[in-house]
Every structure is written in structure tokens, then in C-alpha cells.
S.K.: 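What follows is a single structure, and I will ask about it in a moment.
None of these values were measured; they are calculated from a predicted model. The analysis underlying the following values was restricted to heavy atoms, covering all of them including side chains, and did not include hydrogens, waters or symmetry mates.
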Amino acid sequence: YGYEGRVPMSSARLFYDTSERARRIIESYFLLNSTLHFSYTHLVCRTAITGQQDHRSDLSHPIHADNCLLDPEANECWKEPPAYTYRDYSALLYLNGDFEGGEFIFTEMDAKTVTERLQADEVIQALDTQAVWGQISIFNPKDYF
């Protein structure tokens, strides 16, 4: 069905229920007194490229900020459209754990100086600090989030 733009209702329901669970986890983690609302939810599949995997340094997801326009040369992040300036939280939920690579890196505003490197299952980040982040490439085999 997917190639025609349709999915079975049971799969759509599973996606919705899983998204709602992630929302509740974020609300609980940050002890929020109000309900979070999604701006959007999407499903991504990343597959490792074929060939040599040792010593790769490319990014699967480029360094960026979710709620401002990153200007690494000026060490600034501009809170203006088309950035999601209204966004306070972002979440990624990994649907599998059978992959290598994929670590998250957080950087200074220069998008080069790495301040933290985390495994995918360790990341919950509030965006009120204008988190600048990216993701190291997936090495083996597929990553669904």
C-alpha cells in the first residue's frame, strides 16, 4: 500500500498511538502543567550507505536548531520564520535499536564545537536553550524514527 500513498488502518493507528505515547512521555519528563500539541509528526527511514563504514564522519541529519535559523558564522540563532519559532520541544522516537551509529551530537552555535554526544535512547531536549544538534550517520542496517 505504501507506494500508492495508502497504509492499512491498523498501521496508521499504531503510528498515532505511538506518537501520543511519546507526547505523554515528554509532558511527564518536563513536569508540564499543560498539554503539548503536535505541530506535525512524521515517520523516517534511514538506511546505511553501502561500502566502507570505518572512520565515517558524515552526518545523517545536519547540524541545525529546531526553533531558530542557525547562523554558525555569526554564532547566532535567529528566531524568525521559516524556523519553527513557536516550538518549545522536539522529540524523536526510535522504533528499532538494531543499528550502529546514529549518535546525536550537540554543538555550540558555531555548529562545529561538539559539547555533547549521546546515544539515541538518551536524548530528551528542551528547546528553550536553542539546542543546536545533528546526528551521526547510520552504519548498519536501517534506522526508523
Side-chain angles (χ1 to χ4, degrees), residues 1-54 56-72 76-109 111-145:
Y1 291 119
Y3 63 90
E4 295 176 348
R6 297 180 295 158
V7 296
M9 183 57 82
S10 61
S11 296
R13 183 65 197 201
L14 176 62
F15 182 64
Y16 173 79
D17 290 344
T18 304
S19 297
E20 282 296 302
R21 183 168 181 237
R23 180 186 58 77
R24 287 190 307 272
I25 289 169
I26 296 299
E27 287 175 348
S28 173
Y29 182 86
F30 288 106
L31 303 172
L32 301 178
N33 294 325
S34 60
T35 301
L36 283 178
H37 299 279
F38 288 123
S39 55
Y40 68 89
T41 303
H42 68 279
L43 183 64
V44 177
C45 174
R46 294 209 170 111
T47 303
I49 60 172
T50 57
Q52 181 67 25
Q53 300 295 316
D54 293 339
R56 285 181 58 195
S57 61
D58 56 313
L59 297 174
S60 172
H61 201 74
I63 303 293
H64 70 286
D66 286 349
N67 62 352
C68 58
L69 300 175
L70 182 62
D71 182 352
E76 295 277 349
C77 209
W78 310 104
K79 284 260 194 192
E80 58 189 49
Y84 301 110
T85 57
Y86 53 85
R87 187 182 285 174
D88 295 317
Y89 301 90
S90 287
L92 297 174
L93 173 65
Y94 283 81
L95 301 178
N96 66 326
D98 57 345
F99 60 91
E100 297 175 45
E103 295 90 2
F104 279 83
I105 55 173
F106 290 88
T107 72
E108 297 289 347
M109 291 290 179
K112 294 177 185 172
T113 307
V114 176
T115 58
E116 197 166 10
R117 188 180 186 118
L118 300 171
Q119 294 298 320
D121 60 354
E122 300 173 335
V123 179
I124 295 181
Q125 178 70 37
L127 298 179
D128 59 350
T129 58
Q130 296 176 337
V132 178
W133 66 279
Q135 186 180 24
I136 303 296
S137 287
I138 306 303
F139 302 143
N140 180 30
K142 287 186 179 179
D143 178 18
Y144 297 95
F145 62 93

S.K.: Check whether any side-chain heavy atom of Ile105 lies under 4.5 Å from a side-chain heavy atom of Glu116, and answer yes or no.
M.R.: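 Of all side-chain heavy-atom pairs linking Glu116 with Ile105, none is under 4.5 Å.
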S.K.: So, do Pro81 and Leu69 sit near enough that their side-chain heavy atoms are less than 4.5 Å apart?
M.R.: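 Not in contact.
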S.K.: Give me the atom names and distance for the closest heavy-atom approach of Ile26 to Leu36.
M.R.: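 For Ile26 versus Leu36, the nearest heavy atoms are CG2-CD1, 3.4 Å.
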S.K.: Begin with the C-alpha distance, continue with both residues' side-chain angles, and end with the deciding distance and a verdict on side chain to side chain contact (heavy atoms under 4.5 Å, CB included) for Leu70 and Met109.
M.R.: CA-CA 7 Å; Leu70 182 62; Met109 291 290 179; 3.9 Å; yes
S.K.: Can you measure from CZ (Arg13) to OG1 (Thr18) and round to the nearest 0.5 angstrom?
M.R.: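 Between Arg13 CZ and Thr18 OG1, I get 10.5 Å after rounding to 0.5 Å.
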S.K.: Using a strict cut-off of less than 4.0 Å between a Lys/Arg side-chain nitrogen and an Asp/Glu carboxylate oxygen, indicate whether Arg21 and Asp17 qualify as a salt bridge.
M.R.: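 A salt bridge is absent here (no side-chain N lies under 4.0 Å from a carboxylate O).
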S.K.: With Ser28, which residues qualify under side-chain contact (heavy atoms from CB on, under 4.5 Å), at least two apart?
M.R.: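 Expected list: none.
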S.K.: Is any side-chain N of the basic residue among Glu20 and Arg23 closer than 4.0 Å to the acidic one's carboxylate O?
M.R.: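 Arg23 and Glu20: salt-bridged.
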S.K.: Atom OH of Tyr86 and atom OG of Ser39: how far apart are they, to the nearest 0.5 Å?
M.R.: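 Rounded to the nearest 0.5 Å, the OH-OG separation comes to 4.0 Å.
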S.K.: Give the C-alpha distance, both sets of side-chain angles, the deciding distance and a yes or no for side chain to side chain contact (heavy atoms under 4.5 Å, CB included) between Asp71 and Trp78.
M.R.: CA-CA 8 Å; Asp71 182 352; Trp78 310 104; 3.4 Å; yes
S.K.: Give a yes or no on whether the backbone of Phe106 and the side-chain of Thr115 come within a donor-acceptor separation of less than 3.5 Å.
M.R.: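 Yes.
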S.K.: Do side-chain atoms of Asn67 reach the backbone of Arg87 as a donor and acceptor pair under 3.5 angstrom?
M.R.: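 Yes.
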S.K.: Taking C-beta and beyond as the side chain, do Glu27 and Thr35 meet within less than 4.5 Å on heavy atoms?
M.R.: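 They are in contact (side-chain heavy atoms under 4.5 Å apart), so the answer is yes.
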